[in-house]
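What you are looking at is a predicted structure, and each value in this text was computed from that prediction instead of being measured. Convention: sequence-line order gives letters A, B, ...; per-chain numbering from 1.
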Protein chains: 2
Amino acid sequence: VSGKTPQGLQTRRAILEAAARIGSVDGLEGVTLGRLASELELSKSGLFAHFRSKEELQLATVEYARRIYAERVVIPGQSSPRGIATLYALLHHYVALMEQRIFPGGCFFASAMAEYDTRPGAVRDRVAEVQRQWLDALERSARDGIERGELREATAAAQLAFELEAAVLSANWYYHLFDDATFFARARRAVRSSLEATATGKGRRQLDAVIAACG
Amino acid sequence: VSGKTPQGLQTRRAILEAAARIGSVDGLEGVTLGRLASELELSKSGLFAHFRSKEELQLATVEYARRIYAERVVIPGQSSPRGIATLYALLHHYVALMEQRIFPGGCFFASAMAEYDTRPGAVRDRVAEVQRQWLDALERSARDGIERGELREATAAAQLAFELEAAVLSANWYYHLFDDATFFARARRAVRSSLEATATGKGRRQLDAVIAACG
């Protein structure tokens with residue numbers, strides 16, 4: 001089956017879905033062509049028609065996961081008004097994605113970061129790039145919020161983005177380690193109280209509106 | 001070599017030191033008796049005199065790492081006055097340990113948590129227990145701080161402990177992913193500003209004193 005026919009694209013998608021799922025639980029290094037072939041009941045040569053090497057498969061899996069975050073976190077988050085509303089909505093949709101357990105092992109990029117932070121190569125570079133874009137998106141929203149008079153002028157945008165992201169990232173780890181959803185509530189509370197403490201009067205009104213819209 | 005002679009204890013310590021080092025970089029599952037034997041130039045049967053199974057070795061490695069955190073983080077942290085000073089000092093010494101790169105792959109327990117959060121068994125249970133004790137120690141200091149009138153009465157101790165820990169835990173991940181020590185500075189700033197915002201007048205004086213003492 002060539003990778004370009006409709007059936008080929010469907011197979012490719014099924015491979016990447018399985019690889020992302022396995023990757024979030026056992027790590028991307030655990031995603032071997034042999035394991036995928038047996039899980040998907042495909043021949044190894046059938047798999048090789050789609051991915052010629054383990055690294056090519058791993059990079060394609062990272063792109064597949066990145067698209068899920070784009071569709072479910074970044075695009076809906078950025079459809080809110082720029083500034084504090086987008087900042088809140090990005091973090092809200094990230095936590096919601098974790099709560100929905102789309103990736104059974106938790107945040108795909110948190111797992112990939114843990115696995116590749118000390119393992120040089122193309123996969124690590126791409127994971128770092130995606131994670132950097134995520135931190136940058138948060139920081140940019142914070143800057144927008146300052147410019148629009150929603151966050152106090154003295155706010156350090158990069159610092160605020162780091163602190164908010166730290167709360168949602170750690171909730172992902174502790175939720176899985178302790179099997180305790182309280183940590184998502186803690187992350188939401190941290191995000192909300194930190195933004196309330198940093199917001200101007202105008203910013204608080206925007207924040208209340210986006211919280212009501214996100215539900 | 002028996003495990004009980006001085007030479008045996010020295011060998012055991014060398015094995016655990018290597019296992020903790022490898023574990024922080026490649027994960028505890030990557031610590032095989034074969035790999036240790038070749039790194040330490042020991043026979044496999046020599047290793048088996050100390051640890052009869054991979055799991056026994058992994059559990060002993062967790063205890064070895066726990067003792068390093070006890071000696072370098074918990075004991076010096078708790079030698080500060082109870083309350084806000086201990087809370088600050090625990091987090092300060094944790095960040096200092098990461099900065100010193102005692103574990104080349106970063107925080108041993110962050111790596112172990114990432115590796116075992118979805119892998120049931122004795123190692124996961126022990127890692128969760130140690131991590132729980134750490135969160136509890138932070139929460140207890142926060143409670144002490146409230147009781148002693150150093151933190152505002154309305155402070156939610158568990159929430160504060162979670163937020164502070166999230167900052168130092170995430171700094172560990174981002175420092176290694178981006179090879180950028182700025183993240184440690186961000187974590188320190190987050191801890192300090194969060195404690196300042198929560199402290200009473202008495203608490204601020206205690207905080208200034210412990211910051212001066214920690215350097």
J.: Check A114(A) against A114(B) and note the closest heavy-atom contact, atom names and distance.
T.: CB-CB, 3.5 Å
J.: So what's closer than 4.5 Å to chain B heavy atoms on L169(A): side chain, backbone, both or neither?
T.: side chain
J.: Report which part of S193(A) has an atom under 4.5 Å of a heavy atom belonging to chain B: side chain, backbone, both, or neither.
T.: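 Looking at S193(A), just its side chain touches chain B.
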J.: Does a sphere of radius 6.0 Å around CZ in R148(A) hold more than 12 heavy atoms from other residues, nucleotides or ligands, not counting ones at 6.0 Å or beyond?
T.: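 For R148(A), atom CZ is crowded (more than 12 foreign heavy atoms under 6.0 Å).
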J.: Counting only heavy atoms not in R192(A), do more than 12 sit closer than 6.0 Å to its CZ atom?
T.: no
J.: Can you tell me which portion of E163(A) sits under 4.5 Å from chain B's heavy atoms? Options are side chain, backbone, both or neither.
T.: side chain
J.: For each of V168(B), N172(B), L177(B), T118(B), tally heavy-atom pairs with chain A at distances under 4.5 Å, and name the one with the top tally.
T.: L177(B)
J.: Please classify the contact between Q131(A) and chain B as side chain, backbone, both or neither, with a heavy-atom cut-off of under 4.5 Å.
T.: both
J.: Atom CH2 of W173(B) and atom CH2 of W173(A): how far apart are they, to the nearest 0.5 Å?
T.: 5.0 Å
J.: Just checking R82(B): does its CZ atom have more than 12 heavy atoms from other residues, nucleotides or ligands closer to it than 6.0 angstrom?
T.: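 Counting other residues, nucleotides and ligands, CZ of R82(B) stays at 12 neighbours or fewer.
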J.: Distance check, rounded to the nearest 0.5 Å: R119(A) atom CZ versus H176(B) atom NE2?
T.: 14.5 Å
J.: Evaluate whether atom CZ of R124(B) has more than 12 neighbouring non-hydrogen atoms of other residues, nucleotides or ligands under 6.0 angstrom away.
T.: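 Result for CZ/R124(B): enclosed.
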J.: Go through L135(B), D179(B), L160(B) and name the one with the most non-hydrogen pairs under 4.5 angstrom from chain A.
T.: L135(B)
J.: Taking side chain as everything from C-beta outward and backbone as N, CA, C, O, which of these in A171(A) sits under 4.5 Å from a heavy atom of chain B? Side chain, backbone, both or neither.
T.: both
J.: Testing the basics here: between S170(A) and A166(B), what is the closest heavy-atom pair and its distance to 0.1 Å?
T.: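 Distance-wise, the nearest heavy atoms are OG-CA, 3.2 Å.
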J.: Check the orientation of F183(A) and F162(B). Use parallel for under 30°, tilted for 30 to 60°, and perpendicular for over 60°.
T.: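 The rings of F183(A) and F162(B) sit tilted, inter-plane angle from 30° to 60°.
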J.: Tell me, side chain or backbone of A110(A) under 4.5 Å from chain B's heavy atoms, or both, or neither?
T.: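 For A110(A), neither part sits under 4.5 Å from chain B.
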J.: For atom CD of E41(B), is the number of surrounding heavy atoms from other residues, nucleotides or ligands below 6.0 Å larger than 12?
T.: no
J.: Can you tell me which portion of D26(A) sits under 4.5 Å from chain B's heavy atoms? Options are side chain, backbone, both or neither.
T.: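 Contact with chain B: backbone and side chain both.
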J.: Quick check on R126(B): does its CZ atom have over 12 non-hydrogen neighbours (other residues, nucleotides or ligands) under 6.0 Å away?
T.: yes
J.: Tell me if the NZ atom of K44(B) is crowded by more than 12 foreign heavy atoms within 6.0 Å.
T.: no
J.: For R132(A), is it the side chain, the backbone, both or neither that has a heavy atom under 4.5 Å from a heavy atom of chain B?
T.: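 Both backbone and side chain.
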J.: Looking only at non-hydrogen atoms, find the nearest pair between Q159(A) and A190(B) and report the distance.
T.: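 Looking at all heavy atoms of both residues, the shortest contact is NE2-N, 3.4 Å.
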